[in-house]
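First up is the structure itself, then whatever we jot down about it.
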Amino acid sequence: RSYARQLTVDEGMDGTIEQYGFFVPVFPSSGPLNIWMNLQWTPFLWQAGGEEINEDQTRLLISSDAGVQALTLWKTIYDDLDFSRYGLAHDVGFASQNLAMIMDGPWDLPRFRQMRDIDWAVAPLPAGPAGRATYIAGEHMAMFKQSEHPDEAWAFVKWMVSADVQAQFSMSSGYLPVRKSVLEREDYKAFLAGDPAMKAFVDQLRWGRGRRPIDYRRVEINRLIAEAIERATLGKQDPRQVLDEAAAQANALLKP
């Protein structure tokens with residue numbers, strides 16, 4: 001919050017902000033980006049000591065003190081910056097230097113490297129009261145039982161996740177490798193030594209966490225969480241109240 005305020009610039013002191021200090025990723029809860037908003041908020045929940053759902057998948061936990069603390073931080077920054085007036089996408093705003101800080105993943109590094117005359121760098125989220133955390137996930141490869149060529153399909157899967165291919169894939173694409181053994185390879189170490197931005201993401205793997213699974217009603221629950229975030233920030237409502245209401249509705253969906 002402190003740096004977001006310091007990096008917000010109103011050059012003419014006329015209420016027109018030329019640079020916002022931080023992109024608070026609030027998107028319409030009814031739109032396709034509601035999941036992106038939830039994923040960006042989850043590390044703040046973890047760093048405050050909270051969880052999204054209990055291990056039995058019977059009760060949403062977002063309305064805990066940790067959840068209130070995490071959402072209050074977002075709301076406070078949002079209000080500080082009067083961020084409802086901002087309209088650009090996070091990456092476009094960063095490239096045009098209308099944004100000083102954004103949250104993003106390593107997949108956008110190739111785009112950032114093409115930007116000229118911008119001095120940029122990657123840093124981890126500041127630690128919260130319960131420590132550091134960041135969100136991590138992956139893609140899936142699957143073999144269908146109806147496959148006409150299961151042996152060839154399995155050979156491809158094994159090849160794709162091999163250490164050699166994962167190292168090359170990561171170095172070429174900007175995505176993180178799926179094997180820890182890649183991090184011990186001399187060629188990969190040399191690659192990271194020459195790419196501090198990628199190294200910043202790799203270093204955060206030690207704090208990477210996946211969301212607990214929600215096997216039933218996930219889409220509806222995602223939307224309820226997104227609505228709570230939207231109501232607290234854009235709607236200027238009380239974080240505890242909106243989280244309590246979202247949790248109650250989600251628990252009603254989970255109960256059967």
Side-chain angles (χ1 to χ4, degrees), residues 23 25 32-33 35-47 51-53 55 89-92 94-95 99 101-115 118-128 130-145 147 149-215 218 222:
F23 185 85
L33 290 177
I35 181 62
W36 180 241
M37 175 165 62
N38 290 358
L39 297 181
Q40 298 279 44
W41 181 69
T42 301
F44 291 82
L45 173 65
W46 289 334
Q47 292 195 138
E51 284 287 353
E52 185 179 38
I53 193 170
E55 293 184 357
H90 73 291
D91 49 357
V92 175
F94 186 68
L99 289 169
M101 296 185 292
I102 65 174
M103 293 186 290
D104 211 337
W107 50 83
D108 259 344
L109 289 179
R111 211 175 353 169
F112 294 154
R113 293 190 182 99
Q114 295 175 4
M115 297 190 304
I118 299 179
D119 183 15
W120 60 274
V122 179
L125 291 173
R132 292 191 181 278
T134 189
Y135 174 75
I136 192 168
E139 310 300 337
H140 299 81
M141 290 191 296
M143 287 174 54
F144 294 105
K145 64 181 180 180
S147 173
H149 307 285
D151 293 337
E152 290 82 352
W154 181 235
F156 174 80
V157 170
K158 290 192 293 183
W159 173 82
M160 187 65 199
V161 300
S162 67
D164 287 344
V165 173
Q166 279 296 303
Q168 185 59 47
F169 180 72
S170 177
M171 290 187 285
S172 300
S173 69
Y175 280 84
L176 297 172
V178 302
R179 286 191 177 274
K180 290 182 180 179
S181 59
V182 172
L183 307 183
E184 304 304 319
R185 295 169 59 100
E186 293 304 320
D187 58 346
Y188 200 73
K189 290 180 180 179
F191 162 69
L192 293 181
D195 193 333
M198 186 65 175
K199 184 177 185 300
F201 282 106
V202 171
D203 287 346
Q204 292 179 73
L205 284 171
R206 73 188 73 174
W207 303 304
R209 296 172 59 177
R211 297 166 85 197
R212 286 179 177 173
I214 299 180
D215 297 328
R218 166 54 98 176
N222 277 340

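Side chains are part of it too, since the values below use all heavy atoms of this structure and drop only hydrogens, waters and symmetry mates. From a predicted model like this one, the values you see are computed outputs, not experimental measurements.
H90 and F23 have tilted rings, their planes meeting at an angle from 30° to 60° on a 0 to 90° scale.
Checked against the 6.0 Å centroid threshold, F44 and W41 do not count as a close aromatic pair. For F112 and F94, the distance between ring centers is under 6.0 angstrom.
In this structure, CZ in R212 is found 4.5 Å from CD in E55, a value given to the nearest 0.5 Å. Expressed to the nearest 0.5 Å, how far CE of M143 lies from NE2 of H149 amounts to 12.0 Å. One distance of note links CD of Q204 with CZ of R206; it measures 9.5 Å at 0.5 Å rounding. The distance from the CG atom of L39 to the CD1 atom of I136 is 12.5 Å, given to the nearest 0.5 Å.
Using a cut-off of 4.0 Å between Lys/Arg side-chain N and Asp/Glu carboxylate O, K199 and D195 are scored as not salt-bridged. Between D108 and R113 no salt bridge is recorded (no basic side-chain N to carboxylate O distance below 4.0 Å).
Annotation: side chain of S170 is in contact with side chain of Y188 (closest heavy-atom distance under 4.5 Å). Taking 4.5 Å as the limit, every side-chain heavy atom of T134 sits out of range of all side-chain heavy atoms of W46. The shortest side-chain heavy-atom distance between M141 and F156 falls under the 4.5 Å cut-off. With a 4.5 Å cut-off on side-chain heavy atoms, L125 and R132 do not count as touching.
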Next item on the list: Determine, step by step, whether R209 and E52 satisfy the salt bridge (Lys or Arg N to Asp or Glu O under 4.0 Å) criterion, reporting the C-alpha distance in whole Å, the side-chain angles of both residues, the deciding distance to 0.1 Å, and the verdict.
Entry: CA-CA 12 Å; R209 296 172 59 177; E52 185 179 38; over 6 Å; no
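Of the candidates V122, L176, D203, L176 is the only one forming a side chain to side chain contact (heavy atoms under 4.5 Å, CB included) with M198.
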